[in-house]
Amino acid sequence: MEDKDLEQGPPSPIPQWEAIKEKDHDDEVASSSSVSSKPDPSPLFEPILAAASTRRPSNATGRTSRPESIWRERSNNGYGVDGIVDEADIGAAVEKEPTAEEKDSFEVGWEDDENDPMNPRNMEHWRKWSIIIITSFGAFIVTNASAAYTSTYDQMNAEFGSSRLIATIGLSTFVLGIALGPFWSPLAEFYGRRPIYLASFLAFMIWMIPSALAQNIQTMLVARFFQGLAGSAFLSVSGGTVGDLFSRDKMQVPMAIFTLAPFIGPSMGPLIGGITNSFAYWRWTHYIILIESGVAIVILYLWVPETYHPVLLARKAAALRAETGDERWKAPIEKSHRSVARIVGYSLLRPFQLLAYEPMCLILDLYSAILLGLLYLFFGAFPLVFKNNHGFNLWQVGLTFMGLLIAMVVAAASAPFWHRVRDGLAERRQRINGGELKGEPEDQLPMVILAAPLITGGLFWFGFTTYPSIHWIVPIIGSGVFGIGTMLAFTGIFTFLVDAYPRYAASALAGNALVRCSFAAAFPLFGIQMYERLGYQWATALLAFLTLSMMPFPYIFFVYGKRIRARSRFAMNS
């Protein structure tokens, strides 16, 4: 959709819901300010077009419902996408004669962008920030639980008589549960965000109990899978809450904070778990997470309201029907004929189509999968290196992950710089080619191009400084260089996928999550054996060579991506 069209706003004859209800569920575009391709003067809630101004009859309250569009966001690991209406469909709707249904004056919308008390964007600023902090804390708890578990291996294995490899399967099953997280998104479209938060976190707490009380390793492995599956809602749904509360021009900081949470969680997991298991029995690792989850769900219940706009408008329509006795008042979501089965069906099918037919999608998914796999492999490699070579104890090994944590925070803080880079590329393109100032999906790839040598260089740095004679801070700095590159690469790849496949962005991100989490589940299973057989230096070097083989692809796609998209059946071609 052109910027000038967005500035003019949607034509009033197009209804809010009918313009999209026949579209596939995953016609989506990125929302995160940290991943936006260019400044957008339009309101954030653009995809669902607003109805004509709806004025109540004389027996109602007399307020005018101003047109406003609604944003439906899904996310995974903090990156959200929202539905869009194909430009061709908009043009067709404008050209045809409006029907009686399109002129429906009883379709309920927001009264006024700045005055409607039910609009979540009109909450007090401190209240909106408190909601962001609470939902980010939920994402932190879930991802922290994935990694804190790795500190329980020694005590748990001694009690259960299991091997370290079998215990590591519990990390893998948790991550596989997270991989299935996108199924929460279509449920949130029907029932709202608040019920999904409460239901998923309650299920997460319930499945923490058998972990804390397990009497054998089999119980632990099964419980860990369902913990990941239940807790993944905070990774696949919570990003939408940011878009519910903040407009596009104000959401950069809150989205950056939420985006960091899923990466801070696993980085701090070994530290929290290491301290716990150094001074208490291993079951306290699960007790602490259970206590944190209990506090979080109480705060969620008491403090986090429903923020999903279509559900709130349905409540508003119900109140109007009760107030006026007129059953013609309907919210856009109440006119939808979509079903949960259809939405979930497309959610399962489309990601595999993209992986099969889109080489850019497949290769970038593999690249991000290797990076997440390496991050989870480090949960086993760091204890080997720093215990054996430097004599660190359990909680000191946890501190070694702070290099990754600080590096990722630094990388996330660079988002404004990359925003200016994207703007500069668009302006340069306009000067050379003329025409309208317009970004391209490939403008997201310079950060991946820079990240690639940082990733490979950081791995070589870490690997060949793991000798006992070298101070322990040197390999930690190397892991930090890897962490900066990894965070930049994740951000650039996620944003490129969303920009290049705007109609199918949810499917693109779901496919990425599936491949990424599959690698993250697999890498820890062979990492320890590889490090023990090849040695710490060459095992890491082998991984570095693997990332080196992927290094050219971001540059190739930056140069030739537009030509590749022109031949694609799914990508945006212009």
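Residue numbers count from 1 along this sequence. Predicted, not measured: the structure shown is a model, and the values here were computed from it.
- In this structure, the side chain of Y531 does not engage the main chain of V385 through any donor-acceptor pair within 3.5 Å.
- Taking every heavy atom of both residues into account, A179 and C517 meet most closely at CB-CB, 3.4 Å.
- Side-chain contact of T241 with D244: a donor-acceptor pair under 3.5 Å is absent, judged by distance alone.
- For the pair R194 and Y301, the cation sits on the ring face: its NZ or CZ lies under 6.0 Å from the ring centre, inside 45° of the axis.
- Without hydrogens or angle criteria, N144 side chain to F140 main chain gives no donor-acceptor distance under 3.5 Å.
- Side-chain atoms of E306 come within 3.5 Å of backbone atoms of R193 as a donor-acceptor pair (strictly under, hydrogens ignored).
- Remark: aromatic rings of F523 and F526 are close, center separation under 6.0 Å.
- Between the T540 side chain and the G463 main chain, no donor and acceptor come within less than 3.5 Å of each other.
- Separation of the F204 and F234 ring centroids does not fall under the 6.0 Å cut-off.
- Classification of the F382-F378 ring pair by plane angle, with boundaries at 30° and 60°, yields tilted.
- Looking at every heavy atom in both residues, L454 comes nearest to G485 through CB-CA, 4.0 Å.
- Contact record, R283 with L213: NH1-C, 3.3 Å, taken as the closest heavy-atom pair.
- The shortest heavy-atom contact between I289 and A148 is CD1-CB, 4.4 Å.
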Item to complete: Report the C-alpha separation of I477 and T465 in whole Å, then their side-chain angles, then the decisive distance to 0.1 Å, and conclude whether the side-chain contact (heavy atoms from CB on, under 4.5 Å) test is met.
Response: CA-CA 10 Å; I477 294 174; T465 58; over 6 Å; no
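- Here the shortest heavy-atom pairing between L525 and L165 reads O-CD1, 3.2 Å.
- Ring orientation note: the planes of F160 and W282 are nearly perpendicular, at an angle over 60° on the 30°/60° scale.
- Pairing each heavy atom of R224 with each of A145, the nearest pair is NH1-O, 3.0 Å.
- Under the 30°/60° scheme for interplanar angles, the aromatic rings of F490 and F263 are found to be tilted.
- In summary, the aromatic rings of W538 and F464 are positioned with their centroids under 6.0 Å apart.
- Annotation: side chain of L362 is not in contact with side chain of Y367 (no heavy-atom distance under 4.5 Å).
- Residues in residues 261-277 take part in these side-chain hydrogen bond (donor to acceptor under 3.5 Å, both in side chains) pairs, two or more places apart or across chains: N277-T285.
- For S136 (side chain) and I133 (main-chain N/O), no donor-acceptor pair under 3.5 Å exists by modelled atom type.
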Dump the intermediate steps for side chain to side chain donor-acceptor pair (under 3.5 Å) on Y281 and E159, then the final yes or no.
-> CA-CA 11 Å; Y281 197 52; E159 179 177 334; 2.4 Å; yes
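- Counted within 6.0 Å of CH2 on W129, heavy atoms from surrounding residues, nucleotides or ligands total more than 12; the atom is thus considered enclosed.
- Cation-pi check for R127 over W303 is met; the charged atom lies under 6.0 angstrom from the ring centroid and within 45 degrees of its normal.
- Looking only at distances, no side-chain donor or acceptor of S232 sits under 3.5 Å from a matching main-chain atom of L235.
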Exercise. Side chain to side chain donor-acceptor pair (under 3.5 Å) between N512 and S368: does it pass, once the steps are laid out?
Worked result: CA-CA 8 Å; N512 182 279; S368 62; 3.0 Å; yes
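- Ring geometry, W472 versus F392: the interplanar angle exceeds 60°, so the pair is classed perpendicular (tilted spans 30 to 60°).
- For the pair F494/Q444, no side-chain contact is recorded, criterion being any heavy-atom separation below 4.5 Å from C-beta on.
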